[in-house]
Asks: 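My structure is below; once you've seen it, I'll send some questions.
Chain letters run A, B, ... following the sequence lines, proteins first, then strands; residues in each count from 1.
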2 protein chains.
Amino acid sequence: MNTVRGARERARIEVTAAIKDEARRMLAAEGAAKLSLRAVARELGMVSSALYRYFPSRDDLLTALIIDAYDSVGAAAEEADAHARAAGASPRARWTAVCEAVRAWALEHPHEYALIYGSPVPGYIAPIDTVGPASRVGNAFIGILRAAYEGPGLALPPLPPALRAEADRMTADFAEGLPPAVTAALVAAWAQLVGLVSAELFGQFNRVVEDRAAFFAHAADQLAHGVGLPAV
Amino acid sequence: MNTVRGARERARIEVTAAIKDEARRMLAAEGAAKLSLRAVARELGMVSSALYRYFPSRDDLLTALIIDAYDSVGAAAEEADAHARAAGASPRARWTAVCEAVRAWALEHPHEYALIYGSPVPGYIAPIDTVGPASRVGNAFIGILRAAYEGPGLALPPLPPALRAEADRMTADFAEGLPPAVTAALVAAWAQLVGLVSAELFGQFNRVVEDRAAFFAHAADQLAHGVGLPAV
DNA sequence: GCCAAAGCAAGAGCACTGCTCTCGAAACAG
DNA sequence: CTGTTTCGAGAGCAGTGCTCTTGCTTTGGC
C-alpha cells in the first residue's frame, strides 16, 4: 500500500504537509484565533481559494492541528515514561516523570496546549478521529498504574456507593484490570493535572505562585498519592 | 457623589449598561469568538462606530464582561458558603458546597466560564481591575480554612524543603494565619477544581465519565481532604 | 496515442469583521 | 448667547472565511 501513485498524489501529500507546517508555525506564533487561511496561503505563495482543495474549511485545518498536538503530547508522555522505566524508576517516579513531561510540553507549546485543553473553539465538536490520539497520555498513566497494581499498590479508600457502578463501567471501558477506585481516582487526577498546567499557562498563577516548578513537582507528587502510588 | 449630573451622563451610563447586557446575551448564546461589536450595535439600533464612544475596543468590552463574570462566580461561591454556614455546616461541608456552587455556575454560564478560566484570548493581558473580582472565590475558600484551623484541623504532611519559602510567601501575601502547608494545598486544590470543571465543560469527559455529578462530588470531597479538612 | 474526466490554481466576488476619520447636530459650561 | 465638548451617523480601509467560475494540467480508460 506504499506504492508511489504518481506525481499528483505525491504533490498533494507534500502540499498538505506544507500547509499544516505553516499553519502550525502561525499557531505557535500567534495563537489559534489569529490563524488565518489567507495568511497561510499567502506565505505559501498560493491564493486562498486553492487552499480549500486541501482543507475544506478552517475548522478542518484546526482539527488536523489538534490531532497532531494530541499526538505530540502523547509522544512526549510516552517517551518520558519509557525513559523512567528504562532507568528502573518506581511507578511513583514514572508518574511524576509523565506529569513533568506534560507540563514541559505545555510550556513549550502553549498555543497548541490551549488548542486541545483550553476552551474549545465555540461551536467546534471534536471529531471521532481525535479520540485515539487524545487518549495517549491517559494510556501512559494507565500503563503505570497497571504495573504498580501487579506489584505492591496502595490501598485506596472505598468509593462512595453512588460512584461504584460508574467506576466499574469506566474500568471495563478503558482501564481493564485496575481496581475501580483507582480508575476513578486516575480520571480525577488527570483532570486535576490539566487544571494545574492550565492555571500556570493561562495566568491564574500570576501574582500567586512564583516558583512554579517546585509547586508543580509537589502537586504532581500529591496526585500520585491520590491514585494510590506509594511513596519511595 | 451620587448627584445626578445631567441627562448626558445618565444616558451614558444607561447606554453602557445596555451594550454590556446585549454583549453578555450574545456571549452566552454564541461564545466569545462570535461576539461582534457590529452585531451588538445593530441589535441596539446604533451604528458600529458609535459603540466606540463607550468601549474603545472589542477587548475592552470583553474585559468588562470578564470582570462581571468573576463577580458572578464569586457571588455564587460566597452565597453558597453563607447558606452552608447559616445551616451550621462543618468546614468540610462548606468546602464541598462552594465547589458545587462553582460547578453549577459553570454549567449555567459555560461561555462566561470559558472566558475567565479557559484559554485566554491570545494576546490578551488581564488588566489589574480584574484581580479583585478574580479572587473572590479563592477568598471564600480561605475563609473556610481559616475557620477550620481555629478549630480542629487535620495535620497535613510537611512541605518539601523546596516549597517552604514559597508557601510562607504565599501565606503572607493572601492567606495570613493559615499554616503554610495548607496555603500551598489550597492553591493546588483550586487549580485542580478548575481542572475538574473545565474537563467536564470542555468535553474531556465525553465518552469517559457519565455520571458527572457523582464523580464531581467525590472529587470535591477528596480535594477537601487534600487541604486538611477532616471528614464528618 | 487520444480524449474525456478529474484535479488543480487563480481570480473575482459576497458578506462579514474591527477600527478610524470626518462631519453635523445636540448638550453642556461659562 | 457663545464656545467647547460629546455624541451618532456615514464612509471607508484592511482584513477575514468561503463560493463560484474560468481555464490549465495531469490522469486513466479505450
Asks: Counting any heavy atom closer than 4.0 Å, what does B:L35 reach on the DNA or RNA strands: base, sugar-phosphate only, or nothing?
Replies: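 Here B:L35 touches the backbone only, sparing every base.
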
Asks: Send over the distance from A:R42 CZ to D:dA14 C1', rounded to a whole Å.
Replies: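 In whole Å, D:dA14 C1' lies 10 Å from A:R42 CZ.
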
Asks: Only distances under 3.5 Å count here; give the side-chain donor-acceptor pairs of residues 190-199 of chain B to other protein atoms, sequence neighbours excluded, each with its distance to 0.1 Å.
Replies:
residue: B:S198; atom: OG; partner: B:Y113; partner atom: OH; Å: 2.8
residue: B:S198; atom: OG; partner: B:V194; partner atom: O; Å: 2.8

Asks: Rounded to the nearest 0.5 Å, how far apart are CZ of A:R94 and SG of A:C99?
Replies: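 Interatomic distance, A:R94 CZ to A:C99 SG, rounded to 0.5 Å: 12.5 Å.
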
Asks: If I take atom CZ in residue B:R8 and atom C1' in nucleotide D:dG8, what distance separates them, rounded to the nearest angstrom?
Replies: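 Distance check: B:R8 CZ to D:dG8 C1' gives 11 Å.
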
Asks: Any side-chain N or O of A:R12 less than 4.0 Å from the OP1 or OP2 oxygen of C:dG7?
Replies: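 Negative; the distance criterion is not met.
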
Asks: Residues from residues 46-54 of chain A sitting under 4.0 Å of DNA chain D, heavy atoms only?
Replies: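 Correct list: A:S48, A:S49, A:Y52.
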
Asks: For the pair made of CZ in B:F55 and P in C:dC19, what is the distance, rounded to whole Å?
Replies: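 Rounding to the nearest Å, CZ of B:F55 and P of C:dC19 are 13 Å apart.
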
Asks: Students often mix this up, so state it plainly: with edges at 30° and 60°, are the rings of A:F141 and A:W95 parallel, tilted or perpendicular?
Replies: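 Rings of A:F141 and A:W95: tilted, as their planes differ by 30° to 60°.
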
Asks: Nearest whole angstrom, please: distance from the C1' of D:dG15 to the CZ of A:R58.
Replies: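 In whole Å, D:dG15 C1' lies 13 Å from A:R58 CZ.
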
Asks: Please state how far atom CD in A:E14 lies from atom P in C:dA9, giving the value in whole angstrom units.
Replies: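 These atoms are roughly 13 Å apart.
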
Asks: Is it the case that the base of D:dG17 and the side chain of A:R38 share a donor-acceptor contact (distance under 3.5 Å, atom types as modelled)?
Replies: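 It does, because a donor-acceptor pair links the side chain of A:R38 to the base of D:dG17 below 3.5 Å.
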
Asks: Whole angstrom is fine here: how far is it from CD in B:E43 over to P in C:dC16?
Replies: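 The distance from CD of B:E43 to P of C:dC16 comes to 14 Å, rounded to the nearest Å.
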
Asks: To the nearest Å, how far apart are B:L37 CG and D:dA9 P?
Replies: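 Taking atom P of D:dA9 as the reference, CG of B:L37 is at 16 Å.
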
Asks: Nearest whole Å is fine: how far is D:dC18 P from A:L61 CG?
Replies: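 Those two atoms, CG and P, are 10 Å apart.
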
Asks: In chain order, what residues pass the side chain to side chain contact (heavy atoms under 4.5 Å, CB included) check against A:E210, with sequence neighbours excluded?
Replies: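 Result, side chain to side chain contact (heavy atoms under 4.5 Å, CB included) vs A:E210: B:E166, B:R169.
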
Asks: Quick check: does any side chain N or O of B:S135 sit under 3.5 Å from a backbone N or O of B:G138, one acting as donor and the other as acceptor?
Replies: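 Between the backbone of B:G138 and the side chain of B:S135 there is no qualifying donor-acceptor contact (under 3.5 Å).
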
Asks: Looking at CG of A:L35 and CZ of A:R24, how far apart are the two atoms once the value is rounded to the nearest 0.5 Å?
Replies: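 Rounded to the nearest 0.5 Å, the CG-CZ separation comes out at 11.0 Å.
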
Asks: Walk me through whether B:D60 and B:S57 qualify under side chain to side chain donor-acceptor pair (under 3.5 Å).
Replies: CA-CA 5 Å; B:D60 290 86; B:S57 79; 2.6 Å; yes

